[in-house]
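Since the structure is predicted, the reported quantities are computational estimates derived from the model, not experimental observations.
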Amino acid sequence: MASRLVSRHKRTRDMERVGKRARSDVDMISSLPDCLIHVIMSFLTAQEAVQTCVLSKRWEKLWTTLPFLDFDMSKFDCDPDGNYRINGKFERFLDFVSMTLLNRETSVMHKFHVSFSGKMRRSSKHAMFVRSWIVYTLKQNPQVFKFDPDVQGNVVKRLLPVGVFTCASLVDVSISRTFPPVGNIKVINLPALKRLYLRFIHLNQAFVEMLFCGCPVLEILHLKDCCGQYSTINSQSLKYLTVETCVPNLKDIEIELYNTPNLLSFCYTNGYSDENVVDDLSKMLLKMPSLACASININRRIGWSADSKNSILIGLSTVQNLALSGYMIKDLLAYELPNCLEFSNLKDLSVECLCLSCHFNLLAFFLNHCPNLEKLFLRHIGFRCEHGEEVHVNQESLKIAPFKGGRLKKVDVQFYRDDKSVLLVLKCLQDITENSGARIIMTSLGNYPYRRGNGFNSRWARKNSKLYFNDYINNCPYF
């Protein structure tokens with residue numbers, strides 16, 4: 001009897017081992033329906049998606065019905081070692097896109113993204129190929145369309161057909177560098193468009209008026225390095241507006257908000273501003289009655305006039321989340337705080353590139369205008385005021401009054417390892433937050449990019465500043 005039980009136990013154990021081995025050999029992903037596999041493949045580039053055809057017969061033609069196509073020349077045609085093949089890469093990329101579209105077996109396309117760079121002649125057939133891609137894509141009624149060519153010559157104006165502006169299915173559109181002549185665009189009809197991103201585009205008032213008339217549900221507008229003169233933005237649906245001008249020798253865009261009652265967030269970056277930026281920006285902010293989140297970054301020093309009646313801070317006094325950065329921070333606080341209103345709604349404040357060892361009193365004065373502040377983020381607290389100059393502690397700036405607000409919960413400070421003013425600034429932060437009992441978190445960013453004798457690494461500074469503001473915007477509930 002005992003031997004029979006032992007043998008039965010062995011058989012059961014062997015069957016479990018066989019079952020585990022069989023389950024380990026099953027391809028669980030291939031057993032999923034096509035719609036779920038397409039979602040997985042949407043995280044791949046088009047070339048990687050096509051390469052999945054060698055996995056098994058199940059995957060042989062899945063890429064031909066993929067509704068998400070991402071053609072990125074920067075990730076195209078790598079050798080097994082990860083190195084890019086340079087010779088003839090542009091021509092191979094164009095052929096690959098054309099062949100992929102020709103072999104598609106479905107009329108459904110949700111997303112089309114193409115990004116490439118190369119040289120095109122005026123009589124080149126390449127421009128004809130690119131236009132044929134877009135014409136074919138628009139017939140598939142896509143929802144997301146992103147087009148980013150980096151080509152030289154007048155042929156760039158003939159790459160994008162005007163049919164893009166009459167595709168009723170588009171929800172998200174991103175266009176960079178190429179644009180048909182504005183005079184050729186007679187009608188704009190994008191009834192489902194909610195997000196529009198334009199970069200290196202020349203605009204005028206007539207186009208802007210047609211844009212907002214033809215996009216009744218547009219909520220997100222991002223203008224980066226655009227040029228032109230247009231004075232009115234009239235949109236009842238616009239909620240998120242971003243304006244970036246970071247290219248030298250480019251005429252700044254001129255914007256006047258006429259009717260934007262639902263605008264919730266505004267992000268403004270200007271690296272090469274003129275003397276009128278204070279007046280222009282303050283007028284824009286006063287026409288944002290529902291603004292809840294703002295990010296202001298002006299990296300060029302500008303002069304404040306004592307007789308000026310315009311104020312940037314007054315236009316920001318109703319926001320709940322505020323980020324300030326750039327060389328203008330010190331002048332902004334020094335000139336406008338004495339006549340500034342109380343920031344009664346402000347709960348999250350972020351300040352970057354303000355030398356606290358020299359101007360801590362400005363920060364303390366600003367905090368006393370924010371009675372309901374809950375979170376404070378500081379970065380570059382020992383920031384060199386003039387491209388790497390040594391920091392001299394201003395004892396007068398350290399004679400400050402304690403912070404009156406009792407709701408401050410967290411102070412996050414990011415500093416450089418070689419910043420000698422950290423301990424002094426920490427002591428001042430402890431003094432002003434004594435009443436609130438806020439928790440102070442110190443985080444080191446490593447060594448400062450400036451070294452005496454080697455100059456100022458402005459590229460590193462711009463890159464890290466951009467990354468920081470992207471993180472702030474992504475974490476902000478209004479962006």
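Taking CZ of Phe145 as the reference point, atom CE of Met109 lies at 10.5 Å (rounded to 0.5 Å). Distance CE/Met41 to CD/Glu48: 10.5 Å, rounded to 0.5 Å. Annotation: the span from Leu373 atom CG to Asp348 atom CG amounts to 7.5 Å, rounded to 0.5 Å. Considering CG of Leu241 and CG of Leu223, their distance stands at 6.5 Å, rounded to 0.5 Å. A distance of 8.0 Å separates SG of Cys267 from CG of Asn297, quoted to the nearest 0.5 Å. Note that CG of Leu349 and CD of Glu374 are 12.5 Å apart. Values are rounded to the nearest 0.5 Å.
Between the side chain of Asn345 and the backbone N or O of Gln320, no donor-acceptor pair lies under 3.5 Å. Panel note: side chain Asn372, backbone Ser344; a donor-acceptor pair is recorded below 3.5 Å. Side-chain atoms of Ser290 never come within 3.5 Å of backbone atoms of Leu264 as a donor-acceptor pair (strictly under, hydrogens ignored). Distance alone, capped at 3.5 Å, places no donor-acceptor pair between the Ser98 side chain and the Asp95 backbone. Side chain of Ser169 to main chain of Gln143: no donor-acceptor pair is present (N/O by atom type, distance under 3.5 Å, no hydrogens or angles).
Counted by atom type alone, Arg195 and Ser174 present one or more donor-acceptor pairs between their side chains at under 3.5 Å.
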Kindly indicate, with the supporting measurements, whether the criterion side chain to side chain contact (heavy atoms under 4.5 Å, CB included) is fulfilled by Tyr136 and Gln140. CA-CA 7 Å; Tyr136 169 82; Gln140 312 299 312; 3.4 Å; yes
Run the numbers on Phe93 and Val114 for side chain to side chain contact (heavy atoms under 4.5 Å, CB included), then give the verdict. CA-CA 11 Å; Phe93 177 79; Val114 59; 4.3 Å; yes
Candidate pair Val50 and Asn103, rule side chain to side chain contact (heavy atoms under 4.5 Å, CB included), full reasoning: CA-CA 11 Å; Val50 173; Asn103 287 277; over 6 Å; no
Go through it in stages, so that I can follow the logic: the residues are Val319 and Phe266, the test is side chain to side chain contact (heavy atoms under 4.5 Å, CB included), and I'd like the CA-CA distance, side-chain angles, deciding distance and then a yes or no. CA-CA 10 Å; Val319 299; Phe266 177 64; over 6 Å; no
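Heavy atoms only, all atoms of each residue included: Glu336 and Ser311 are closest at OE1-OG, 3.0 Å. Between Ile37 and Arg58 the shortest heavy-atom distance is CD1-NH2, 3.7 Å. For the residue pair Cys215 and Ser237, the shortest heavy atom distance occurs at O-OG, 4.3 Å. For Lys146 against Asp172, the heavy-atom pair with the smallest separation is CE-OD2, 4.4 Å. Residue Leu316 comes nearest to Ile296 through the heavy atom pair CD1-CG1, 4.1 Å, listed as atom of the first residue, atom of the second, then distance. The minimum heavy-atom distance linking Asp70 with Leu44 is given by the pair CB-O, 4.2 Å.
Annotation: side chain of Val187 is not in contact with side chain of Phe165 (no heavy-atom distance under 4.5 Å). The shortest side-chain heavy-atom distance between Trp59 and Thr52 falls under the 4.5 Å cut-off. The side-chain heavy atoms of Phe377 and Gln414, taken from C-beta on, include a pair separated by under 4.5 Å. By the 4.5 Å heavy-atom criterion applied to side chains, Phe76 and Thr45 are not counted as neighbours. With contacts defined as side-chain heavy-atom distances shorter than 4.5 Å, the pair Phe147/Val164 does not qualify. Leu354 is not listed as a side-chain neighbour of Leu324, based on a closest heavy-atom distance of 4.5 Å or more. Within the 4.5 Å cutoff, side-chain heavy atoms of Leu333 are placed close to those of Ile329. Annotation: side chain of Ser176 is in contact with side chain of Tyr197 (closest heavy-atom distance under 4.5 Å).
Under the 30°/60° scheme for interplanar angles, the aromatic rings of Phe116 and Trp133 are found to stand perpendicular.
Taking the ring centroids of Phe366 and Phe343, they lie under the 6.0 Å cut-off.
The pair Asp150-Arg177 meets the salt-bridge criterion, since a charged nitrogen lies less than 4.0 angstrom from a carboxylate oxygen.
Each of Arg104, Glu105, His38 was scored for a side-chain hydrogen bond (donor to acceptor under 3.5 Å, both in side chains) with Thr65, with one residue passing: His38.
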